[in-house]
> 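Okay, handing you the structure first.
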Amino acid sequence: MRNNRKFLNFKNSLLIGSALMMPQMAHAQEAGTMDAQEAAEDAAAAVEEVISPGDNAIVVTGFRASLNAAISAKRESVGQVDVIVAEDIAKFPDTNLAESLQRIPGVAIERDAGEGRSITVRGLGAQFTRVRVNGMETIATSTDGASSNRDRAFDFNVFASELFNSIVVHKTASASLDEGSLGAVIDLSTGSPLSYGAGTKLVGSVQGRYNGLNDDLAPRLAGLGAWVNDDETLGVSASVAWSEYTTPELGNNSVRWTDGSIAQEPDGSYRFTNVFRSVNGVECRANPTDPGCNEVANAFHPRIPRYGLVDHDRERLGATAALQFQPTERTNIEIDGLYSNFKEDRDEYWGEVLIRSNEANIDLTNYAIDGDNNVVSGDLNNAWIRNERYHRESETEFYQISGKLEQYVTDTLMARLSGGYSKSDATIPVETTIIFDDRDGVYSYDYTDMKTPLLVFATDVTNPANFQLAEFRDRPSQVNNEFKTVALDLEFEPTEGLSFKTGPFWREFDFFTTGARRDSQYCSAFSCADGAYGAPVTGDLAELFELGDAGQPAGNTNSWVVPNLDAATDFLDLYNRPAVTQQGDERGVTEEVWGGYFETGFELDPGVRMTGNFGMRFAHTNQTSSGFNSGQFVTVKRSYDDLLPAINLNVFPADNFIIRGAVAKVLTRPSLGSLTPGGSVDQFNFGISSGNPFIDPYRAWNYDVAFEYYFAPGAIASVALFRKDVESFPISDVQTITYAQSGLPLSLLTDGTPAYDAVVNGTDPNREFVARTTVNGEGATIQGIEVGFNLPFSAFADGFVSDFGVLGNVTYVDSSQDVTTDDGDIRTVTFPGVSEYSANGTAYYDDGTFSVRVSGAYRDGYHTGASGNGNFLEGFNSTFNLDAAVRYQLTDNIELMLDGTNLTDNYRYRWADIDTKRNYENNHFGRIIMFGARFEL
C-alpha cells in the first residue's frame, strides 16, 4: 500500500506461471498483512508471469496452474485458509461448488439428489458456516426431500459453478472478518472485469449430461463476455449458465420403524399402542398376556415399507454482471450483480403398506424377530395397501446487487465503502399427494437384509379396481430470506510491516416462512357410498408404474398402479379448494446487527520472521421473533452484545516452513427454526415442536495450530490441529404432555392423520404427545486434526513423469454432545453432521495440452439429529464417491471436455436408531457422464 500500486484484480484469464515465484511474492506483496481475498487475487495475478531459470522457461498451465495459485494464496494469507481457483474463465474445477469444497481438508458435504448441497467444516454443520458472495454475507435457500431450508445454511446447489472463479475458506477468525461462524467463513467470487485485460473477450461452453440410470441426456450451457478499454481503466463483464436435467432416486424406504406396547393401567385395564390386531391367529386385545402378542408389541416393525422412484427434474439458470472503473491508480469502483433461478419438479411413485397407526386392523403371521429386536419379516392380512403419487414444484430465486468504492486518500491511508442487498425466495406453489388405498390386502415383507428388503404384494396391485381414491393433500409454502449490508473499512499503514484496520458495519437479516394445506380424506370432502372409504378408481384415474433398478432382490413386486396426477387433481378440483394457513408454519425472525472492529497487522523479523494480526470485534444484535402461540400471533424482542477478540500469529523458522497459531472468540446465532415463539404439531408421530426466542447464540473459543511445509515448487505438506470449546450449545428438551397442556387448539388436528382419527384416543385432548423445545444447554468440545499434501511430481522428476501429481487430505474429528432421549435419559453422542473420519484424494496428469484427473472422496457415517417412534437419532452410513475429468486442448481456442461423477453409482443408506441402524431408506442416483467443448474468442 505504501507503494501506491494499482489495485490488483483476481485474474480469471489463462493462468500461466510457476510456484517458483512464491518465496519472492511473500515479501514483495507484504502478504503478512494481507487478508485471504487479497492473497488470492495476488496469487492469481502472479501466476500469469513466466519464470525463466537460465535459458529454460518453466510454463505451468491448466489444472496445475490453478493448484499453484491456490497454494500461493494459502501461503501468503495471514490467517489459516484454503483456496480453490478456477484455471480459466468459466472453468471451475467441479460442476458443483460443494463438490469442489469437499477437496479441502476438514470439509465434508451433504448431498441432495446425488449432488452436493451443503457442507460441514471441522465438525460443524452448514448452519455454523457463513457464506459471502463478492464480499457480502448471504443465504441461498433450496428444497430437499422434506421441505425448504429454513435455517442459516447456504445451499450451494442453487448456483452454477461456471459463474465463479475462486473460493476462499477462512478457518480462523480475525477482527476484520464478519462474525457469525463457529466453523468457517467462505468467500465466493465471480471475478472483476479489469482482470480480463484490454479488448473484448468471449468464452462459451456446451456440454451434454448423461445419467446411466434413466438414460437422460440433458444440456449444460455457459458463456461469458467482457470488454475493457485500452487504458484498462473501465471494464464490463457478464456471464450466464443454464442447465436442465432429471436425476432419478431409486430404492426403498421404511419411513422409520416403530415399537408398540401392551401396558396394564392401575385400574386393571390394558392400553395398546401400535399393536397388531392378531399375532399368529391370537387376538391381542382379547389376550393381552399372550406371549406372541407381547413379543411383537415390544419389538420394532417398519412403519411404511415400500419401494419407489423419486424423479428430480431440475433447471438452473444463473447470470452475473459487473462494472469496474479505475479512473486513477488511487480509486477503484466496482458494482456486481448476481442472479440465480433454480427450479425442481419432484415426482414420487410408491407402492407401500401403511402399517403406521393401522396395526389394530392388521393380522400378522409367520414373523421373525432378529437380534436387534426387529420384526424383520412377516405376512400381513387385512393390510392397508397404499399406492402413492407425490408431486412438488419448487423454485428458488436469488438475486444480489453489491458495490464498493476503494480510495487511497494518501499513500498510507485507504478507505473502502461497501454495501449491498440480496434476497432468496424459495416457493413451493404445489406439493400434492394423491393416495389409492386397498384396506384388506395381503402382503409380506422380509428385512433380513436391511439394505435390500423383499416386499411382495399377494393382492393384485396392478388392477385399479382393487383400489379407492382415499386421501389427497396439497401443501404450498414459502420461505423468504433478505439481507442488507453497509460497511466502512479504513486501512492505515504508517510504516512498512505495521498496519491498522478499523470501521463500522450494519446488517439486517429478515426471515419469514408460511405454509397452507388442502388436506382431506375423500369421504370427508365428498359423499361416499356405505362401506366405502374413497372414490372408485377407474382406468383414467390410474397409470401403471414399473420400478426399474432399485437394488431389489428376486421375487419382489415391481409393478403397481399409481394415481394419474393430472386426472386425479382434475377429478378432485384440488387446486380450487381453499388452502388453510397452518399457524405453526407461519413464523419469522428479523435480526439487526451493528458494530465495529479494530485490528492491527504486523510483520517482524527479530531473527525469525513473524506475521500476524490481533484485534477486537463488537457486535450488537437486535432480534425480533414472531409466530403463533395458542392461536395468537405474538412477537418477542430481545438484544444482546458480543465482544470477539482474535489473534493470528505466523512464525517462519525457514522461508518454506510456517507455523501458524490462532485464538479467537466466535459465535453463531441460533437456528432460525428454534427462535419462533410458536409451535407446530406432528400429527403422524404425536409430537409437538415449539421454539424459544430467548435461547442464546452458540458461543465458543477456537484454538488453532498449523504446520505448513512448502518443500518444493507447487508442493505442500501440512498438519493442522484445532479445538473448539463451545461455551453454550442450545439443546432439545423433551417432555411427555397431553395435547391440552400444549395450549394449541384442537383445530390444528386435521382429518386424515393419526392424531385426528386414530383407533385409540382420536381427538381426545388428553392424548399424550412428545413435546420438544430448545433450551440453553451446557457447553461441548470439538477437536481434531487435518493432514494434507500436494505433490507435483515435477518436484523430483523431469520429462513425462513430471506432468503427474497427487494431492489429498485426511481429517479426524472428535466431538461430543449430550442429547435427551424420549425416555428422559441423557446420552453422549457426536455432533449432528459430524463424521469422525473424512478423506479425499486426486491423482492427475497435466502436460498443458492433455489432462486427466481422478478424485475420490470418503466420508464416515454420521447422525443428522433427532428421530422418532422410539428410535434414538437417525443418520447416514459412510459414503465413497469417485469422479474423473479429462481435458484436451484441441487448438488455442478450443478445449474438449469429458467428466464423470459418481462413477461407482454409490448407494446412500439412511438409518433410524444409532444403535441398530434400522433401514430408513437405501437408494442410488446413477452415474453421470458429461461431455462437450469449451471455446474462447
> Yes or no on side-chain contact (heavy atoms from CB on, under 4.5 Å) for Glu348 and Trp350, after CA distance, side-chain angles and deciding distance?
CA-CA 6 Å; Glu348 303 182 10; Trp350 297 106; 2.8 Å; yes
> Kindly say whether the aromatic ring centers of Tyr858 and Phe880 come within a distance under 6.0 Å.
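Aromatic pair excluded; centres sit 6.0 Å or further apart.
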> Closer than 3.5 angstrom, by distance alone: can the side chain of Tyr307 be matched with the main-chain N or O of Pro453 as a donor-acceptor pair?
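Indeed, once roles are kept as given, a pair shorter than 3.5 Å links the two residues.
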> Does the plane of the ring in Tyr522 sit parallel, tilted or perpendicular to the ring in Phe571? Use 30° and 60° as the thresholds.
parallel
> I'd like to know if Arg285 and Glu283 make a salt bridge, using a cut-off of under 4.0 Å between side-chain N and carboxylate O.
no
> Can you tell whether the side chains of Arg386 and Glu471 come within less than 4.0 Å, N to carboxylate O?
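Answer for the salt bridge query: yes.
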> Tell me yes or no: between the side chains of Asn274 and Thr258, is some donor less than 3.5 Å from an acceptor?
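Thr258 and Asn274 do have a side-chain donor-acceptor pair below 3.5 Å.
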> Measure the CG-CD distance between Asp313 and Glu393 for me, rounded to the nearest 0.5 Å.
10.5 Å
> Using side-chain heavy atoms (C-beta onward) and a distance below 4.5 Å, is Ile434 in contact with Leu572?
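Yes - at least one pair of side-chain heavy atoms lies under 4.5 Å apart.
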> Write down the atom of Ala470, the atom of Asp437, and the distance for their closest heavy-atom approach.
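So the minimum-distance heavy-atom pair works out to CB-OD2, 3.6 Å.
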> Verify, without hydrogens or angle tests, whether Ser254 (side chain) and Asn919 (backbone) share a donor-acceptor contact under 3.5 angstrom.
yes
> Classify the ring geometry between Phe472 and Phe526 as parallel (under 30°), tilted (30 to 60°) or perpendicular (over 60°).
tilted
> Between Lys451 and Asp449, is there a salt bridge with N-O shorter than 4.0 Å?
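A salt bridge is absent here (no side-chain N lies under 4.0 Å from a carboxylate O).
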> Got a salt bridge between Arg910 and Glu874, using NZ or NE/NH1/NH2 to carboxylate O under 4.0 Å?
yes
> Are any of the side-chain nitrogens in Glu921 or Arg908 under 4.0 Å away from the carboxylate oxygens of its partner?
yes
> Are the charged groups of Glu115 and Arg117 less than 4.0 angstrom apart, N to O?
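Salt bridge absent between Glu115 and Arg117.
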> Cation-pi between Arg439 and Tyr533: NZ/CZ under 6.0 Å from ring centre and within 45° of the ring axis?
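Yes; both conditions hold, so Arg439 lies above the ring face of Tyr533.
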> So, Arg518 and Asp474, do they make that salt bridge, N to O below 4.0 Å?
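Salt bridge flag = yes for Asp474 with Arg518.
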> Say you draw a straight line from CZ of Arg356 to CZ of Arg256; how long is it, rounded to the nearest 0.5 Å?
10.0 Å
> Is the NZ or CZ atom of Arg918 positioned over Phe300's six-membered ring, under 6.0 angstrom from the centre and within 45° of the axis?
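So Arg918 does make the cation-pi contact.
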> Under a 4.5 Å cut-off applied to non-hydrogen side-chain atoms, are Asn564 and Leu541 in contact?
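Result no, sub-4.5 Å side-chain heavy-atom pair not found.
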> Tell me whether Asn358 contacts the main-chain N or O of Asn361 through its side chain, where contact means a donor paired with an acceptor under 3.5 Å.
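Pair absent, no side-chain N/O of Asn358 close to backbone of Asn361.
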> Check Glu110 against Thr120 and note the closest heavy-atom contact, atom names and distance.
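Heavy-atom minimum between the residues: OE2-OG1, 4.4 Å.
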> Between Phe276 and His301, is the ring centre distance below 6.0 Å?
yes
> Check the pair Val813 / Glu836 against side-chain contact (heavy atoms from CB on, under 4.5 Å), numbers first and verdict last.
CA-CA 5 Å; Val813 180; Glu836 189 175 22; over 6 Å; no
> Provide the closest heavy-atom pair for Gly534 versus Cys523 in the form atom of the first, atom of the second, distance.
N-SG, 3.5 Å
> Can you tell if the side chain of Leu547 reaches within under 4.5 Å of the side chain of Trp560, non-hydrogen atoms only?
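In contact.
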> Could you check whether Thr538 and Asp540, counting side-chain N and O atoms only, form a donor-acceptor pair closer than 3.5 Å?
yes
> Tyr447 and ring pair (Phe, Tyr, Trp, His ring centres under 6.0 Å): which single residue from Trp257, Tyr367, Tyr920 fits?
Trp257
> Okay, side chain of Asn902, backbone of Asn906: is any donor-acceptor separation there less than 3.5 Å?
yes
> Check whether the side chains of Asp216 and Asn214 place a donor and an acceptor atom closer than 3.5 Å, and report yes or no.
no
> Of all heavy-atom pairs between Thr830 and Val834, which one has the smallest distance, and what is that distance?
OG1-O, 4.3 Å
> Ignoring hydrogens and geometry, is there a side-chain-to-backbone donor-acceptor pair from Glu359 to Val275 under 3.5 Å?
no
> Roughly how far apart are Leu455 CG and Tyr445 OH, rounded to 0.5 Å?
10.5 Å
> A side-chain contact here means heavy atoms from C-beta on lying under 4.5 Å apart; do Asn881 and Arg111 qualify?
yes
> Start with the C-alpha distance between Asn280 and Leu364, add both sets of side-chain angles, then the distance that settles side-chain contact (heavy atoms from CB on, under 4.5 Å), and finish with yes or no.
CA-CA 6 Å; Asn280 284 343; Leu364 173 68; over 6 Å; no
> Looking at Glu352 and Arg306, does any basic side-chain N land under 4.0 Å from a carboxylate oxygen?
yes
> Ignoring hydrogens and angles, tell me if any N or O in the side chain of Asn298 forms a donor-acceptor pair with the backbone of Asn294 under 3.5 Å.
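The answer is yes, because a donor-acceptor pair under 3.5 Å joins these two groups.
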> Can a donor-acceptor pair be found between the side chains of Asn869 and Asp259 at a distance below 3.5 Å?
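Checked: Asn869/Asp259 side chains show no N/O donor-acceptor pair below 3.5 Å.
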> Quick one: does NZ or CZ of Arg859 land under 6.0 Å from the six-membered ring centre of Tyr862, within 45 degrees of the ring axis?
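Positive - Arg859 is close enough to the ring of Tyr862 and near enough to its axis.
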> Does the side chain of Ser444 come within less than 4.5 Å of Leu380's, by heavy atoms?
no
> Hey, is the main chain of Asp549 close enough, under 3.5 Å, to the side chain of His924 for a donor-acceptor pair?
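Flag set: sc His924 to bb Asp549 pair under 3.5 Å.
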> Got a salt bridge between Arg392 and Asp347, using NZ or NE/NH1/NH2 to carboxylate O under 4.0 Å?
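No.
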> In the structure I gave you, are the side-chain heavy atoms of Phe272 and Pro288 within less than 4.5 Å of one another anywhere?
yes
> Just by distance, with hydrogens left out, do Asp379 and Asn366 show a side-chain donor and acceptor under 3.5 Å apart?
yes
> Can you see which heavy atom on Ala532 is nearest to which on Gln468, and at what distance?
CB-OE1, 3.6 Å
> For the CG atom of Asn871 and the CG atom of Leu873, what is their distance to the nearest 0.5 Å?
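If I round to the nearest 0.5 Å, the distance is 9.5 Å.
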> Is any side-chain heavy atom of Val461 closer than 4.5 Å to a side-chain heavy atom of Val561?
no
> Could you go through Ile428 and Val430, starting from their C-alpha distance and side-chain angles, then the distance that decides it, and tell me whether this counts as side-chain contact (heavy atoms from CB on, under 4.5 Å)?
CA-CA 5 Å; Ile428 301 178; Val430 175; 5.9 Å; no
> Between the side chains of Asn923 and Glu249, does any donor sit under 3.5 Å from an acceptor?
yes
> Could you tell me which non-hydrogen atom of Ser835 sits nearest to which non-hydrogen atom of Asp860, and how far apart they are?
OG-O, 2.7 Å
> Under a 3.5 Å distance rule, please check whether Asp267 uses its side chain to pair with a backbone N or O of Ser269 as donor and acceptor.
yes
> With no hydrogens and no angle check, just 3.5 Å: does a side-chain donor-acceptor pair link Asn382 and Asp363?
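Result is yes, a qualifying pair exists.
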> Once you round to the nearest 0.5 Å, how far does OH of Tyr909 lie from OG1 of Thr879?
15.0 Å
> Check whether the side chains of Glu431 and His391 place a donor and an acceptor atom closer than 3.5 Å, and report yes or no.
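There is no such pair between these side chains.
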> Rounded to the nearest 0.5 Å, how far apart are CZ of Arg475 and CZ of Arg517?
4.0 Å
> Is there side-chain contact between Phe457 and Val353, with at least one heavy-atom pair below 4.5 Å?
yes
> Answer yes or no: is there a donor N or O on one side and an acceptor on the other, between the side chain of Thr828 and the main chain of Ser816, under 3.5 Å?
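No, the answer is negative, given that no donor and acceptor are paired below the 3.5 Å cut-off.
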> Where the side chain of Gln552 meets the backbone of Ala550, is there a donor-acceptor pair that is under 3.5 Å apart?
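Yes: the side chain of Gln552 pairs with the backbone of Ala550.
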